[in-house]
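What follows is a single structure, written as structure tokens, with notes after it.
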Amino acid sequence: MKHVAVVGAGVAGALLTLRLAEAGVPVDLFTGTRPDDASGASGGLVRGYEPDPATAALAAAGIAELRSDARMRDWADFAEIGSVYVTPVSQPPVPAAVDQVLTRLPGSLRLAEPAELPLRDVPEGAVAVRERFAGFIRPARLRAKVLAELPRLGVTVHTRQITAVSGATVRAGAEGFDGYHAVVVAAGAWTRELVPGDAFTTRQIQYGLYPVRVAGLPSFVDETSGLYGRPYDGGRMLFGLSSDRWGLAPEQISPDEDLSARVTACLGERLGVVAQPEQVVASFDCYTEPAGLRLRRAGDVLTFTGGSGGAAKTVLAASRMAARELVPASEGAR
Ligand SMILES: Cc1cc2nc3c(=O)[nH]c(=O)nc-3n(C[C@H](O)[C@H](O)[C@H](O)COP(=O)(O)OP(=O)(O)OC[C@H]3O[C@@H](n4cnc5c(N)ncnc54)[C@H](O)[C@@H]3O)c2cc1C
């Protein structure tokens, strides 16, 4: 079995390492030394439905794993409170995506009228995709639990900040580690520092924690307004809108007060809620087109990133798929 190096220990790198190690592949994981990453800030909303059927298949498979594997459910602290996704008027539910969810999670999904929800002024023609087996996970806890498990599986975990990669070698300054049969960069928004090219960019993601509860709202995304949210610890709610801050380096991210003001206004209009955030969380993710966490080749290395604001949903299944792609590749390199 051939050796793999994984660079980056957000949920993507950590779960990929777990899958490889559980398949018997020797792995060196380089965690880096940056304390604040997307996985640490993630809101963790999970549901099966996505308009893209392939993404829906991954997301639904992840929820099926959370429901069938007590260990993963505990590690992720899966709160199965349900989910609502209100479609854009111009994009009604995609039958092939609905089928992907129902195949993996029978009985979980139904299409409903937005009038069932405590949302105001939803435009005519929007549809509520309601799911029972959905809710939220805690990506930071999932990552921490996986990292704690890895040494038992024989993984060597290096807390090194990697400065250069090539097909067989990773370097941390003057220190080199080589002889790998595959090097996978899972460094999230920092991937573009290690991998040349313009395949990846960054986008700010920001949400606020509000001292309110809204009855009848599980985890939700309302595509007609852009508002998303979920119940949060301490009797609060997490609410957010998409940010238009693209391309910033992670260290340039700071709270966007205009965006917070837009969320507050939207809460008033859509939910009749008058509240200011107690706390604003401003972070970032690695974006790419087409979006999605998967293995991609970049020269002589591989990348496993590109979650584009959604990898908490897909990481469980995407990491399995990536490990399956890598195992024959490393076997073939014998
Ligand atoms: C605020 C916020 C809310 C979100 N909410 C949701 C949600 O509700 N639902 C959902 O599905 N998704 C959500 N997401 C998206 C999801 O959380 C991310 O897609 C996912 O966490 C990305 O994980 P990652 O491992 O790719 O990247 P990261 O978590 O950013 O991890 C990258 C890791 O690489 C390490 N690294 C960087 N450079 C180096 C180096 N040179 N050497 C070694 N290591 C390095 C970093 O230290 C870091 O630990 C949210 C994201 C954010 C930011």
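Start at 1 and go down the list; that is how both ligands and their atoms are numbered. Below, all heavy atoms of this structure are taken into account, side chains as well, without hydrogens, waters or symmetry copies.
- Put simply, part of R160 is less than 4.0 Å from ligand 1, judged by heavy atoms.
- Shown here is D233, whose CG atom has more than 12 heavy atoms of other residues, nucleotides or ligands within 6.0 Å.
- For E257, the CD atom counts as loosely surrounded, since its 6.0 Å shell holds 12 or fewer non-hydrogen atoms of other residues, nucleotides or ligands.
- For the pair I205 and ligand 1, the shortest N or O to N or O distance does not fall below 3.5 Å.
- Residue K313 has at least one nitrogen or oxygen atom sitting less than 3.5 Å from a nitrogen or oxygen atom of ligand 1, judged on distance alone.
- Which parts of ligand 1 touch F284 is read off a 4.0 Å heavy-atom cut-off, strictly below it: atoms 53 (C).
- Heavy atoms only, all atoms of each residue included: L316 and G62 are closest at CD1-O, 3.6 Å.
- Considering backbone and side-chain atoms together, L45 places an N or O closer than 3.5 Å to an N or O of ligand 1.
- The shortest distance between side-chain heavy atoms of T156 and H3 does not fall below 4.5 Å.
- Between S39 and P139 the shortest heavy-atom distance is O-CB, 3.7 Å.
- In the vicinity of Q161, heavy-atom distances shorter than 4.0 Å reach the ligand 1 atoms 38 (N), 39 (C), 40 (C), 41 (N), 42 (N).
- Listed by number with element, the atoms of ligand 1 under 4.0 angstrom from any heavy atom of F30 are 43 (C), 44 (N).
- Residues A41 and V281 approach most closely at CB-CG1, 4.0 Å, considering heavy atoms.
- Taking every heavy atom of D285 and a limit of under 4.0 angstrom, the matching atoms of ligand 1 come to 15 (C), 18 (C), 19 (O), 22 (C).
- Between V7 and ligand 1, not a single N/O pair is under 3.5 Å apart.
- Residue G10 holds the heavy atom nearest to atom 31 (O) of ligand 1 of all those in G188, G10, A189.
- Not one N or O of Q206 is nearer than 3.5 Å to an N or O of ligand 1, by distance alone.
- Between A38 and ligand 1, a contact under 3.5 Å exists for at least one N or O pair.
- If you check which protein heavy atom lies closest to atom 38 (N) of ligand 1, you get R34 NH1, 3.0 Å.
- Between G307 and ligand 1, a contact under 3.5 Å exists for no N or O pair.
- Listed by number with element, the atoms of ligand 1 under 4.0 angstrom from any heavy atom of G8 are 34 (O), 35 (C), 44 (N).
- Considering backbone and side-chain N/O of G44, one or more are found under 3.5 Å from N/O of ligand 1.
- Closest heavy-atom approach to atom 21 (O) of ligand 1 among the candidates S39, S42, G43, A187: S39.
- A parallel orientation is assigned to the rings of F30 and H158, their planes being inclined by less than 30° (bins at 30° and 60°).
- Within 6.0 Å of the CG atom in D36, the count of heavy atoms belonging to other residues, nucleotides or ligands does not exceed 12.
- Within the 4.5 Å cutoff, the side chain of V212 has heavy atoms near those of the F239 side chain.
- Between atom 49 (O) of ligand 1 and the options V6, D37, L194, the minimum heavy-atom separation is to D37.
- Put simply, the side chain of F78 reaches to within 4.5 Å of the side chain of V46, judged on heavy atoms.
- Using a 4.0 Å cut-off between heavy atoms, Y207 contacts ligand 1 through its side chain alone, with no backbone atom that close.
- Under 3.5 Å, the side chains of Q206 and S243 contain no donor-acceptor pair of N or O atoms.
- Heavy-atom minimum distance, R230 versus G43: NE-O, 2.7 Å.
- G292 approaches S308 most closely through the heavy-atom pair N-OG, 4.0 Å.
- Contact annotation: for I162 versus ligand 1, heavy atoms closer than 4.0 Å belong to both the backbone and the side chain.
- The ligand atoms of ligand 1 that sit less than 4.0 angstrom from a heavy atom of A12 are 24 (P), 25 (O), 26 (O).
- In this structure the side chain of T163 never reaches within 4.5 angstrom of the side chain of Q161, judged on heavy atoms.
- At least one heavy atom of G310 sits closer than 4.0 Å to an atom of ligand 1.
- For atom 15 (C) of ligand 1, the closest non-hydrogen atom of the protein is G309 C, 3.4 Å.
- Aromatic ring orientation, W190 versus F284: perpendicular (interplanar angle above 60°, classes split at 30° and 60°).
- Looking at W190 against ligand 1, only its side chain comes within 4.0 Å, counting heavy atoms.
- With a heavy-atom cut-off of 4.0 Å, C286 does not touch ligand 1 at all.
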